[in-house]
Number of protein chains: 2
Amino acid sequence: MKSYCKFESALDILVGKWKSVILLQLISNGIMRFSELQRAIPDINKKMLTQQLRELEYNDIVYRKVYSQIPPKVEYSISDYGKGLSTVLQALNDWGEAHSEHMIELYGADRSGN
Amino acid sequence: MKSYCKFESALDILVGKWKSVILLQLISNGIMRFSELQRAIPDINKKMLTQQLRELEYNDIVYRKVYSQIPPKVEYSISDYGKGLSTVLQALNDWGEAHSEHMIELYGADRSGN
DNA sequence: CAGGATCCTCGCGGATACTG
DNA sequence: CAGTATCCGCGAGGATCCTG
């Protein structure tokens, strides 16, 4: 039997109400400014956006580039290291897709709200 | 660019303070009774153990076998379907391991409490 | 033995206002 | 523009007691 002892810590890093959406945006759009992220995710507020971005930055998943100018300009992107997540994300995504099918088989209607 | 739209729902299923520990136990020990799980995870209480098990059961990750007898006997195990998670778990675990190394490189000491 | 029912706490997430 | 600072509600998680 393999190790399986650090997947909990891995989970923690992805957990947070907005982490996934943010990641999704940055993955598909590349570099994005703070305000672009705000517009792309209308239901989030600045505090949450900042907070979740900081956590992702702390874990070196996203890269934060600050232009020291006025008005300020900050760009976010998936860091080189963060790109290593893609395998995991893909695995999770594939399983998630299969699972929603499975749930439909088991319980009937689709309640995913997708 | 691949889809990446269901990995959020996949995450939800693994999230919960005790899901990972429970899964770990069931993966490595196979079939376990309720009380065995309790003993294996001393810090959990019955309510939480029951609740998290029910959620996993609802998602068809764990199988619950009830022996109608007195005193009651209930056995839990990873369902056949749930075994399909192993790939994902392994991916998460591998990344988690690499990541904790990476964090040490970045910030020095190991704060994982492992 | 394997829960169910109740009550409570604590911190995540959110609304709003202010600032360099 | 890209944030901080404060305040607050709500729900996941927990302690405790009861039951078939």
Side-chain angles (χ1 to χ4, degrees), chain A residues 8-9 11-26 29-59 61-79 111 113, chain B residues 8-26 29-59 61-79 113:
Chain A
E8 199 172 354
S9 5
L11 234 38
D12 287 341
I13 292 160
L14 281 334
V15 168
K17 195 171 181 194
W18 302 100
K19 298 259 180 74
S20 36
V21 214
I22 295 175
L23 253 18
L24 248 35
Q25 287 296 326
L26 292 179
N29 297 356
I31 298 175
M32 293 181 79
R33 297 187 56 169
F34 187 86
S35 49
E36 289 186 283
L37 280 165
Q38 265 195 102
R39 253 175 286 115
I41 315 171
D43 288 349
I44 202 175
N45 61 33
K46 297 172 186 228
K47 182 195 159 198
M48 273 299 109
L49 183 52
T50 308
Q51 186 187 104
Q52 307 266 306
L53 279 168
R54 289 292 142 84
E55 292 181 28
L56 290 169
E57 188 196 0
Y58 176 83
N59 283 299
I61 310 293
V62 313
Y63 171 60
R64 178 165 179 263
K65 177 160 191 181
V66 183
Y67 295 82
S68 293
Q69 62 181 44
I70 293 185
K73 175 176 173 182
V74 180
E75 287 177 345
Y76 292 92
S77 55
I78 304 286
S79 73
R111 285 168 190 80
Chain B
E8 199 172 354
S9 5
L11 235 38
D12 286 341
I13 292 161
L14 282 331
V15 169
K17 195 172 182 192
W18 302 100
K19 299 260 179 73
S20 36
V21 213
I22 295 174
L23 252 18
L24 247 35
Q25 287 295 327
L26 292 178
N29 297 357
I31 299 175
M32 294 181 79
R33 298 187 55 168
F34 188 86
S35 47
E36 290 186 281
L37 280 165
Q38 266 194 102
R39 253 173 288 114
I41 315 172
D43 288 349
I44 202 175
N45 62 31
K46 296 174 186 229
K47 183 196 158 198
M48 273 298 108
L49 183 53
T50 309
Q51 187 186 104
Q52 307 265 309
L53 280 168
R54 290 292 141 84
E55 291 181 25
L56 291 168
E57 188 196 1
Y58 176 84
N59 284 299
I61 310 293
V62 314
Y63 172 59
R64 178 164 179 265
K65 179 163 190 179
V66 183
Y67 295 83
S68 294
Q69 62 182 43
I70 293 184
K73 175 177 173 182
V74 181
E75 287 176 346
Y76 292 92
S77 55
I78 304 284
S79 72

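Convention: sequence-line order gives letters A, B, ...; per-chain numbering from 1.
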Check your understanding: Rounded to the nearest 0.5 Å, how far apart are CG of L49(A) and CD1 of I22(A)?
Key -> 5.0 Å
Practice item. Rounded to the nearest angstrom, tell me the gap between atom CG in L49(B) and atom C1' in dG13(D). Key: 14 Å
Exercise for review: Whole angstrom is fine here: how far is it from CD in E57(A) over to P in dA2(D)?
Suggested key: 15 Å
Check your understanding: Are I31(B) and Y63(B) close enough that some pair of their side-chain heavy atoms sits under 4.5 Å apart?
Key -> no
Revision key, fill the gap. DNA chain D nearest-nucleotide lookup for K47(A) and Y76(A): closer to the 5′ end is Y76(A)
Practice item. With the side chain counted from C-beta on, respond yes when I44(A) and V21(A) share a heavy-atom pair under 4.5 Å apart, and no when they do not. Key: no
Point to revise | Salt-bridge criterion met for E57(A) and R54(A) (N-O under 4.0 Å) | key: yes
Practice item. With the side chain counted from C-beta on, respond yes when V15(B) and L14(A) share a heavy-atom pair under 4.5 Å apart, and no when they do not. Key: no
Review point. Would you say a side-chain N or O of Q38(A) is under 4.0 Å from OP1 or OP2 of dC1(D)?
Key: no
Check your understanding: Would you write out the dot-bracket form of DNA chain C, 5' to 3', with Watson-Crick and G-U pairs under 3.5 Å, [ ] for crossing pairs, | for pairs to other strands and . for unpaired bases?
Key -> ||||||||||||||||||||
Point to revise | side-chain N/O K17(B) vs dG14(D) OP1/OP2, d < 4.0 Å | key: yes
Check your understanding: Out of V62(A), I61(A), L56(A), which residue meets the side-chain contact (heavy atoms from CB on, under 4.5 Å) rule with N59(A)?
Key -> I61(A)
Point to revise | Phosphate-side-chain proximity, R54(A) and dT4(D), N/O vs OP1/OP2 below 4.0 Å | key: yes
Practice item. Provide, to the nearest angstrom, the distance between the CG atom belonging to L53(A) and the P atom belonging to dG3(D). Key: 8 Å
Review point. Starting at CD of E36(A) and ending at P of dG3(D), how long is that distance when rounded to a whole Å?
Key: 13 Å
**Study point:** Close side-chain approach of L53(A) and L37(A), heavy atoms under 4.5 Å
**Key:** yes
Point to revise | Rounded distance in Å - CE (M48(B)) to C1' (dG11(D)) | key: 11 Å
Study note, to complete from the structure: Counted 5' to 3', the first and last nucleotides of DNA chain C within 4.0 Å (strictly under) of a heavy-atom of chain A are dG13(C) to dG20(C)
Review point. Under 4.0 Å: is that the gap between some side-chain N or O of R33(A) and OP1 or OP2 of dA2(D)?
Key: yes
Practice item. Please state how far atom CD in Q51(B) lies from atom C1' in dG13(D), giving the value in whole angstrom units. Key: 8 Å
